[in-house]
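Take a look at the structure set out below.
Please read all numbers here as calculations on a predicted model, not as lab measurements. Every chain is numbered from 1 and lettered A, B, ... according to where its sequence line falls, protein lines coming before strand lines.
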Amino acid sequence: MAFLNIFKRSARKRTTLAEGHVVPDAARCVQCGICTYNCPIEIDVRAHVWRSEAINRSECLTCGECVARCPRGVLRFERTDLFAAGAS
Amino acid sequence: MRHVIIGSGVAGIAAIESILSVERSAEIIMLGDDPHGFYSRPGLAYYLTGEISDQALYPKTREDYKKLGFTYRQARVKKILRDETSLQLDDNSLLTYDRLLLATGAFATPLAVPGATLQGVVKLDHLNDARIILKLAKRGRTAVVVGGGITALELAEGLLARGMDVHYLLRGDRYWSNVLDEQESRIIEARLQVEGITLHFHSELQEIIGRSGKVNSIRLKNGKTLKCDLLAYAIGIQPRVELAREAGLQVDRGILVDEFMQTNDPNIYAAGDVAQVFDPITGHSILDSLWGAAREQGCAAGMNMVGRNTPYVKSIPFNVTRLAGLTTTIIGAVGHGRDDDLVGIARGDSETWRELPNAVIAQSGFDVNRVRILVGEQKLIGAVVMGDQTLSIPLQRIITQQVDISPMRDRLLAHDAKLSDVIVDFWTKLKS
Ligand SMILES: Cc1cc2nc3c(=O)[nH]c(=O)nc-3n(C[C@H](O)[C@H](O)[C@H](O)COP(=O)(O)OP(=O)(O)OC[C@H]3O[C@@H](n4cnc5c(N)ncnc54)[C@H](O)[C@@H]3O)c2cc1C
Ligand code: SF4
Ligand code: SF4
């Protein structure tokens with residue numbers, strides 16, 4: 001069972017990663033920390049936003065928790081196609 | 001060269017980052033009187049509602065500060081001694097500077113009614129204030145909120161989230177009347193009522209009545225009384241200009257600076273909520289109380305302090321906020337006049353929002369998704385987007401970059417125009 005769960009999770013991660021990654025519109029951010037506080041794998045989303053950087057960490061689950069909870073509409077998913085981007 | 005920064009807010013931190021980006025080994029000393037250092041002040045509202053812990057309010061870790069490399073001292077500056085280019089601190093010690101940045105922010109305008117010093121009269125200014133509120137906000141007890149703008153709502157909603165019975169007093173007949181239009185005010189008021197907040201219009205606080213030193217009830221100007229255990233106020237803010245004024249720097253409502261964030265003393269700069277900055281669009285010097293503006297100004301000040309001439313061009317202010325649970329973006333000039341619930345500027349506010357020139361108003365949407373735009377001759381002057389935020393990014397860009405809107409102007413102003421379709425269509429063509 002546990003094995004299956006692990007498998008499911010990594011499968012999900014692969015499909016979602018192929019769909020997009022989180023990018024910020026930093027000018028809207030007030031560094032409130034809600035995104036970082038709610039990230040299930042403790043990525044410091046807020047620090048990325050401060051530096052105007054996309055969350056391009058491979059471990060990001062693209063679960064959308066940070067995007068949905070940000071009260072200022074700072075974060076959005078941007079489509080990325082890993083294969084088209086030459087990541088062969 | 002020694003750079004001294006007074007104030008540990010976002011303007012001060014941004015200045016440090018930009019100084020160090022140019023002069024890695026610069027000597028920087030930051031002085032601050034807030035025992036909690038640098039934290040997100042807008043985030044205090046979410047701490048009140050319980051959406052985040054207080055620990056989550058700190059954007060930087062100890063390691064981040066170590067990497068940056070500067071000295072922080074918790075101290076209050078009592079005086080600037082310009083002739084000696086030094087500062088007198090609260091323990092009477094002296095500290096010399098070569099370049100000084102005043103990033104002292106603003107404080108909540110105190111309530112001037114009898115009873116304002118009773119225990120249970122609270123504001124939301126610093127982390128310590130939020131902690132006091134949380135200690136006093138007891139489930140089932142009654143709280144009264146007075147004031148206007150974003151912070152008054154944040155207080156009301158925070159207290160409600162803590163299980164209090166919340167009453168919000170408004171002096172006039174609607175909420176934030178000099179920024180929002182009537183329909184927008186009504187949307188917010190209706191939502192507050194659905195959340196369970198009781199609104200009292202035409203209600204001006206006359207007196208807070210205490211018992212054993214604690215808030216017990218309030219009396220209104222119309223003679224009515226209301227029993228309560230807590231009174232929270234947000235009636236505006238005042239830039240902390242005392243140091244600058246005493247030192248003979250040019251001060252109006254804030255510290256006056258030129259485009260290089262320099263005061264009339266070439267060794268002294270100011271940035272953030274305390275600075276009053278020339279606005280090329282309106283032609284006067286303007287106060288903002290916006291996190292983003294404070295960061296940009298701090299950044300520019302830092303560059304200028306290390307001799308990299310970097311003019312700060314005041315951009316069109318915008319704020320994205322949550323009013324009664326509704327994400328709301330306010331961009332550019334959208335209102336006028338004064339709001340009786342506020343004295344001067346509020347938190348998360350810009351004076352520019354009330355500099356409404358002649359413009360035609362177009363609006364569409366109903367219920368909670370609403371867009372209002374102010375259409376000038378060739379440009380959009382301002383916008384308020386409530387609810388669905390799809391249009392807020394295109395509008396933010398079109399307004400702040402002052403895009404020529406002639407190709408869509410007639411369609412925008414057509415009777416029954418579907419604003420969202422017109423704007424999205426224009427935006428898509430513009431980007432391609
Ligand atoms: C509850 C709340 C809600 C807000 N909501 C929003 C929002 O929705 N959107 C938005 O854009 N902005 C919002 N703001 C405003 C935003 O937080 C400010 O614009 C920003 O923090 C300004 O940064 P600053 O560095 O200029 O000043 P501050 O953050 O005020 O920092 C100034 C620091 O200087 C210190 N200081 C002052 N005098 C001295 C002295 N003599 N000696 C030593 N230290 C001194 C003060 O203690 C303080 O720590 C909100 C603020 C609050 C409090
Ligand atoms: S939740 Fe949004 S506003 Fe808050 S720190 Fe994260 S990105 Fe910034
Ligand atoms: S998408 Fe999910 S995992 Fe990725 S940063 Fe946001 S909250 Fe964390």
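Using a 4.5 Å cut-off between heavy atoms, Ala47(A) does not touch chain B at all. Heavy-atom distances place no part of Leu44(B) under 4.5 Å from chain A, backbone and side chain included.
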At a cut-off of 3.5 Å, what donor and acceptor atoms pair up between chain B and chain A?
| unit_1 | atom_1 | unit_2 | atom_2 | d |
| --- | --- | --- | --- | --- |
| Glu17(B) | OE1 | Trp50(A) | NE1 | 3.0 |
| Glu17(B) | OE2 | Trp50(A) | NE1 | 3.1 |
| Ser40(B) | OG | Val30(A) | O | 2.7 |
| Ser40(B) | OG | Gln31(A) | O | 3.4 |
| Tyr46(B) | OH | Arg72(A) | NE | 3.3 |
| Tyr46(B) | OH | Arg72(A) | NH2 | 2.9 |
| Ala56(B) | O | Arg46(A) | NH1 | 2.9 |
| Ala56(B) | O | Arg46(A) | NH2 | 2.8 |
| Tyr58(B) | O | Arg46(A) | NH2 | 3.0 |
| Arg295(B) | NH1 | Trp50(A) | O | 3.2 |
| Arg295(B) | NH2 | Trp50(A) | O | 2.8 |
| Asn319(B) | OD1 | Arg72(A) | NH1 | 3.4 |
| Val320(B) | O | Arg72(A) | NH1 | 2.7 |
| Ser392(B) | OG | Arg28(A) | NH2 | 2.6 |
| Gln396(B) | OE1 | Arg28(A) | NE | 3.0 |
| Gln396(B) | OE1 | Arg28(A) | NH2 | 3.0 |

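One distance of note links CD1 of Ile52(B) with SG of Cys32(A); it measures 5.5 Å at 0.5 Å rounding.
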